[in-house]
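Heads up: the structure comes next, in structure tokens.
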Amino acid sequence: MRIKKERFLLFGFSGGGHFAHRFYYLHPERLLGVSIGAPGIITYLDSSKPFYVGTKDLEEVFGKKLSLEEMRRVFVQMVIGSEDNETWEINNKASAHWMEGTDAYGQTRLARLGALRDNFEREGIRVRYDVVPGVAHDGGKVLAEVKDFFTHVLAKSKDNGR
């Protein structure tokens, strides 16, 4: 099967999940599918809150507007382990990465990712949401779900000529 080089699949877990969803905000036209795995500090689609808690000043910070229309064209997966409950790293107010509002949607990655899913769906972005039973914060143990998602995306894109 040939893959069009204009669009690609992107997966990131933990810090990579931070990158994956923010890349998706800025470059949805480059993505066929994105798998967002267990980020702890999330940027919500919220035009009332500053980046990186929200997207209020995204254009100011990056010089690019958010395109919900383009984002709706990308296949989206969110994936996390059911036991991903550690909070020490993502709730450290002494961290250089801490910003007021980071914890507004929960104390755990599970709570925050669930809130992000709801946030996307309110904006008309369909999300495949996979919670892998018995898995803590371990990217290697969610790969089967990611591979299944990407297999589905490639099959659908081939069928739709994407």
Side-chain angles (χ1 to χ4, degrees), residues 8-68 70-72 74-147 149-150:
F8 61 93
L9 302 172
L10 177 64
F11 166 61
F13 186 87
S14 194
H18 295 197
F19 174 79
H21 82 285
R22 292 179 183 122
F23 183 93
Y24 169 54
Y25 291 1
L26 293 171
H27 305 287
E29 74 285 353
R30 300 288 296 131
L31 296 172
L32 180 58
V34 62
S35 177
I36 304 163
I41 300 174
I42 293 172
T43 299
Y44 297 91
L45 297 173
D46 184 341
S47 61
S48 72
K49 294 190 171 68
F51 182 78
Y52 55 79
V53 171
T55 54
K56 178 180 179 179
D57 53 354
L58 200 70
E59 185 175 10
E60 211 174 286
V61 173
F62 294 101
K64 188 162 184 196
K65 277 186 172 181
L66 187 75
S67 173
L68 289 172
E70 195 66 45
M71 290 174 69
R72 290 180 188 116
V74 178
F75 292 94
V76 177
Q77 176 192 43
M78 295 180 188
V79 62
I80 192 165
S82 68
E83 306 303 313
D84 198 340
N85 294 311
E86 291 294 326
T87 61
W88 65 271
E89 183 180 27
I90 65 171
N91 290 302
N92 180 0
K93 292 183 179 181
S95 167
H97 303 294
W98 184 262
M99 186 174 185
E100 191 61 39
T102 296
D103 58 350
Y105 298 98
Q107 295 297 305
T108 67
R109 286 180 175 88
L110 275 164
R112 292 176 188 177
L113 194 61
L116 185 64
R117 174 202 56 213
D118 296 345
N119 178 241
F120 277 24
E121 290 179 346
R122 277 191 300 276
E123 296 294 342
I125 299 168
R126 292 187 348 200
V127 176
R128 172 174 158 174
Y129 192 76
D130 290 309
V131 178
V132 184
V135 173
H137 194 64
D138 186 339
K141 292 185 178 174
V142 302
L143 286 178
E145 285 73 14
V146 175
K147 289 176 184 178
F149 170 69
F150 284 159

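Treat the numbers as computed from the prediction; the structure is a model and nothing was measured.
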Any pair with a residue in [range] that passes salt bridge (charged side-chain N to carboxylate O under 4.0 Å, His left out), sequence neighbours left out, goes on the list, sorted by first then second residue, please.
| range | value |
| --- | --- |
| residues 15-25 | none |
| residues 32-44 | none |
| residues 36-56 | Asp46-Lys49 |
| residues 98-121 | Asp84-Arg109, Glu89-Arg109 |

Rounded to the nearest 0.5 Å, how far does [atom2] of [Y] lie from [atom1] of [X]?
| X | Y | atom1 | atom2 | result |
| --- | --- | --- | --- | --- |
| Ser95 | Ile90 | OG | CD1 | 11.5 Å |
| Glu145 | Tyr129 | CD | OH | 13.0 Å |
| Arg128 | Phe75 | CZ | CZ | 11.5 Å |
| Thr55 | Leu45 | OG1 | CG | 5.5 Å |

Once side chain to side chain contact (heavy atoms under 4.5 Å, CB included) is applied, do any residues pair with [X], and if so which ones, sequence neighbours excluded?
| X | result |
| --- | --- |
| Ser82 | Val131 |
| Glu59 | Lys65 |
| Ala111 | Thr108 |

Out of Leu66, Val61, Leu58, which residue meets the side-chain contact (heavy atoms from CB on, under 4.5 Å) rule with Leu26?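 Among Leu66, Val61, Leu58, the one meeting side-chain contact (heavy atoms from CB on, under 4.5 Å) with Leu26 is Leu58.
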
Only one of Thr43, Ile42, Thr102 clears side-chain contact (heavy atoms from CB on, under 4.5 Å) with Val53; which?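 For Val53, the side-chain contact (heavy atoms from CB on, under 4.5 Å) test succeeds with only one of Thr43, Ile42, Thr102, which is Thr102.
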
Taking the side chain as every heavy atom from C-beta outward, state whether [X] and [Y] have any pair of such atoms under 4.5 Å apart.
| X | Y | answer |
| --- | --- | --- |
| Val76 | Phe120 | yes |
| Leu31 | Tyr24 | yes |
| Val146 | Asp130 | no |
| Phe11 | Leu143 | yes |
| Lys141 | Val132 | no |
| Phe8 | Leu32 | no |
| Asn91 | Trp98 | yes |

Contacts of Tyr25 that satisfy ring-ring contact (aromatic ring centres under 6.0 Å, His included) - sequence neighbours left out: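 Here the qualifying residues are His21.
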
State which residues pass ring-ring contact (aromatic ring centres under 6.0 Å, His included) with Phe62; sequence neighbours excluded, sorted by chain then number.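 With neighbours one apart ignored, the set is Phe51.
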
List for me each residue that meets side-chain hydrogen bond (donor to acceptor under 3.5 Å, both in side chains) alongside Glu29, sequence neighbours excluded, and say none if there are none.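 For Glu29, the residues satisfying side-chain hydrogen bond (donor to acceptor under 3.5 Å, both in side chains) (neighbours in sequence not counted) are Lys64.
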
Nearest heavy atoms of Ala38 and Ile80, plus distance in Å: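 The answer is CB-CG1, 3.9 Å.
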
Pairs under 3.5 angstrom only: tabulate donor-acceptor contacts from the side chains of residues 13-20 to other protein residues two or more places apart or in another chain.
{"unit_1": "Ser14", "atom_1": "OG", "unit_2": "His137", "atom_2": "NE2", "d": "2.8"}
{"unit_1": "His18", "atom_1": "NE2", "unit_2": "Gly40", "atom_2": "N", "d": "3.1"}
{"unit_1": "His18", "atom_1": "NE2", "unit_2": "Ile41", "atom_2": "N", "d": "3.3"}

With sequence neighbours excluded, residues passing salt bridge (charged side-chain N to carboxylate O under 4.0 Å, His left out) with Asp57: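 Counting only residues at least two positions away or on another chain, Asp57 forms no salt bridge (charged side-chain N to carboxylate O under 4.0 Å, His left out).
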
